[in-house]
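Below is one structure, written out as structure tokens, with a few remarks after it.
Keep in mind that this is a model prediction, so the values were computed, not measured.
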Number of protein chains: 4
Amino acid sequence: MAQKNKLDGAEADELSAKRSARSPEKYQRILDAAIEVIAERGYFQSRVSDIAARAGVADGTIYLYFHNKEEILLGAIANAFSAFMELAQAELASESDPREQLRRLALLHLSSLGSNRNLAMVFQTELRQSARMLAEFSQHQLKQYFDLIRSVVRDGQRRGIFRAEISDKILANCFFGALDEMVTSWLLSDREYPLSGASEAIVDVILRGVECPPRP
Amino acid sequence: MAQKNKLDGAEADELSAKRSARSPEKYQRILDAAIEVIAERGYFQSRVSDIAARAGVADGTIYLYFHNKEEILLGAIANAFSAFMELAQAELASESDPREQLRRLALLHLSSLGSNRNLAMVFQTELRQSARMLAEFSQHQLKQYFDLIRSVVRDGQRRGIFRAEISDKILANCFFGALDEMVTSWLLSDREYPLSGASEAIVDVILRGVECPPRP
Amino acid sequence: MAQKNKLDGAEADELSAKRSARSPEKYQRILDAAIEVIAERGYFQSRVSDIAARAGVADGTIYLYFHNKEEILLGAIANAFSAFMELAQAELASESDPREQLRRLALLHLSSLGSNRNLAMVFQTELRQSARMLAEFSQHQLKQYFDLIRSVVRDGQRRGIFRAEISDKILANCFFGALDEMVTSWLLSDREYPLSGASEAIVDVILRGVECPPRP
Amino acid sequence: MAQKNKLDGAEADELSAKRSARSPEKYQRILDAAIEVIAERGYFQSRVSDIAARAGVADGTIYLYFHNKEEILLGAIANAFSAFMELAQAELASESDPREQLRRLALLHLSSLGSNRNLAMVFQTELRQSARMLAEFSQHQLKQYFDLIRSVVRDGQRRGIFRAEISDKILANCFFGALDEMVTSWLLSDREYPLSGASEAIVDVILRGVECPPRP
DNA sequence: AATGAATGAGCGTTCATTCAT
DNA sequence: AATGAATGAACGCTCATTCAT
């Protein structure tokens, strides 16, 4: 009779513990299947049984690893996202020039998503959806990436490389927006031109808009 | 789920005829209600009965004006979008300098959506969703706007104002992407800062990235 | 996302209003079907679809009249019980001698349930079950009947007819318990002897145990 | 649902053999756990895994001792019941006066259940439920007890102590019904008054109703 | 044209039972 | 013997759509 929608800490921990105790490989297989299916049909039109079938497990097995359908989406996004974030952070660590850092981020952004259409689809559509559905959670994810960009921008401003009279939020937004839109339109296009091919051009445009003009 | 997405000519005509024959005011009321409800809950989580209630009509009445739920979303988006497109085209007609045209478009973009949060929500999230569901349709709509921007960009390139060595598609993309992202992050933010306040800064960044550098 | 298990007053009223506004005849048909099906299989083994089929309505129709399966059971029991209670109260009103009142109650008890095996089954098994599940509700129902008996007993005690040195609760309990058990064993027996045939004998035993002994 | 209720001889033997061959202590632990859990939640709302957890064994282990869930309930009730029946028979053996025998049975009945609320709950609600599910079985159990009472009653009738003009079945029923109802209402009540406190009063009422009136 | 009661296909989730280890 | 991860059948409930009024 009494249902709880929010997990108390103990329960959540219990399930987390199970995940690793049971088959971590199966856990990952479900996440991968979820990305695939959700990319194809969208979250709301994906059936849990579709995901189970794609993962090669029984319907009920899903619920040994996730509390409910929503958590599958969350888990799949978080999983894919954190992998991407790690790459991004590594990319920045090996380079100190803000210009170059943005260049590398752009390439990573486009090549990561460009090489994984399913992932891109989920990021461009479901991540937004879920940002609405589950504000706290996925907004946090997206914001993490956005903040990474902002920190590079602020660094560039502090060092006199990027224009300081414009808010770092807006500069970062122009950068991220240009990349993001590129991915979206690439996804909607039928021809599969290489997405990362646009990287140089975009960076070129944005950097020029962002950089301090050369002193004459 | 297995529903017909394509109407045969006769049926479509029949419905179109009905729409105008019946109450155009009620038709519009349903569209407005749809935007509201979908903005609040998202398309898949909106119930047809919610929309009906909001529009002040009976559930069954909806089906005198639309074949199915999907068509309501389509109609609502198309309706709102064409209003926006008309404004955009008018804006361009009264100005011939590409720089100024982009400036005006940006302001229109941000102030239109900034003054109508519901509409913005539908555009930023549902339009993307439906870009998959209804690829032909909404892609067509969005593409129309995108092409408008591209035509301005191409005009600027032809007249030596904008950089010609970069594809107009990419330049337009940077412009649109920056605006689009601004709207999205504004939506997801809690503080309701005026969206259009960012217009000048964005245009400033993008134009500088897009324009030919001043000859020394 | 947010679910409510308890109805707020408005909602409950809304559904109650609907019941009468819609088809009261269909509402009753569902209740009757519920009694039948639940009598046959027990509450937990009854399927909502069984009840719907028996009532000759679609599964979904059930939910126009009841919020959930539990409420069907509640409704069915409450409905049947209140009919019984009305009879019982009428029976008492037309008679003032406590001895005779108990005699009539016993006959009503046994003949009511004896002439409706389904009803008897629900009262003897599901009412107890639900008394556990839904303490407040059905305990209230059963208590109402029990209190009726107690009031007769107290009346008899006050008038010096029934033994006053024993608590009215216990006297009423002996009376009710004897009848109740009679019904249960009748239900479990295969032979269908007339249940009400036992009425005289039971009343005879209980009355003698309850009455003040005749003064010598 | 379509499960076999009847075991063929071979299977039944095999399981019986296992039970004793394996750990009889674990078998008992499961039965005890079952009584607890079923008393708390009711049979249908109890999960096999709940019982396993309470017994401190793995889910699968249950099936080394029982064929299915239903058999656990059966076993638990049979187990508890036979313990009670042994007490009852011992009680009768040490006393030959039917009046006194009934008095002792009543006290045993109320004190046994009154000192074990879980057991009482199972007897008062689940045994009735299962009287339907498992008619043959639990009817047999309950009948055994009932027959014990009847034999005392018949003995009293034969010896001219109890009224012979009323069927022994009905007399026994009044006796058992009064006790049974007392237990039920005690269970449903919140206050935990001592159940056996009512024994004297009940026996007093019933005996007077049952006994032959004293010759003047 | 408008209504809203009725429909029933469809899906998320549970849990008794199995079986590889 | 014991485990507990895996299974998948089963069911309560929702909601887009229809149609008698």
What is the distance from [atom1] of [X] to [atom2] of [N], rounded to the nearest Å?
X        : N       : atom1 : atom2 : answer
Glu70(C) : dC11(F) : CD    : P     : 18 Å
Glu71(A) : dG12(E) : CD    : C1'   : 14 Å
Asp50(A) : dG8(F)  : CG    : C1'   : 16 Å
Ile51(A) : dG12(E) : CD1   : C1'   : 11 Å
Ile62(D) : dT18(E) : CD1   : C1'   : 14 Å
Gln45(C) : dA10(F) : CD    : P     : 14 Å
Asp59(A) : dC15(E) : CG    : P     : 16 Å
Arg47(A) : dT13(E) : CZ    : P     : 12 Å

From [options], nucleotide with atom closest to [X] side chain:
X        : options                  : answer
Leu64(D) : dT3(F), dA6(E), dA6(F)   : dT3(F)
Asn68(A) : dT13(E), dC13(F), dA5(E) : dT13(E)
Val48(A) : dA2(F), dG12(E), dG12(F) : dG12(E)
Lys69(D) : dT17(E), dA2(E), dT3(F)  : dT17(E)
Thr61(D) : dC15(E), dT3(F), dC11(E) : dT3(F)
Tyr65(A) : dT3(F), dA6(E), dA6(F)   : dA6(F)

| request: Please determine if Glu40(D) and Arg54(D) form a salt bridge, counting it only when a charged side-chain N lies under 4.0 Å from a carboxylate O. | output: yes
| task | Output yes when Glu36(D) and Arg41(D) qualify as a salt bridge under the 4.0 Å nitrogen-oxygen rule, no when they do not. | result | no
| said: Judged by each residue's nearest nucleotide on DNA chain E, which is more toward the 5′ side, Ala58(B) or Gly60(A)? | reply: Ala58(B)
| remark: Comparing nearest nucleotides in DNA chain E, the 5'-proximal residue of the pair Val57(B), Lys26(C) is Val57(B)
Please check: side-chain N/O of [X] versus main-chain N/O of [Y], any donor-acceptor pairing under 3.5 Å?
X        : Y        : result
Lys26(C) : Ala55(C) : no
Asp50(D) : Arg47(D) : yes
Tyr43(D) : Glu70(D) : yes

| note | Pairing partner of dT21(F), by Watson-Crick or G-U wobble and under 3.5 Å for both distances, is dA2(E)
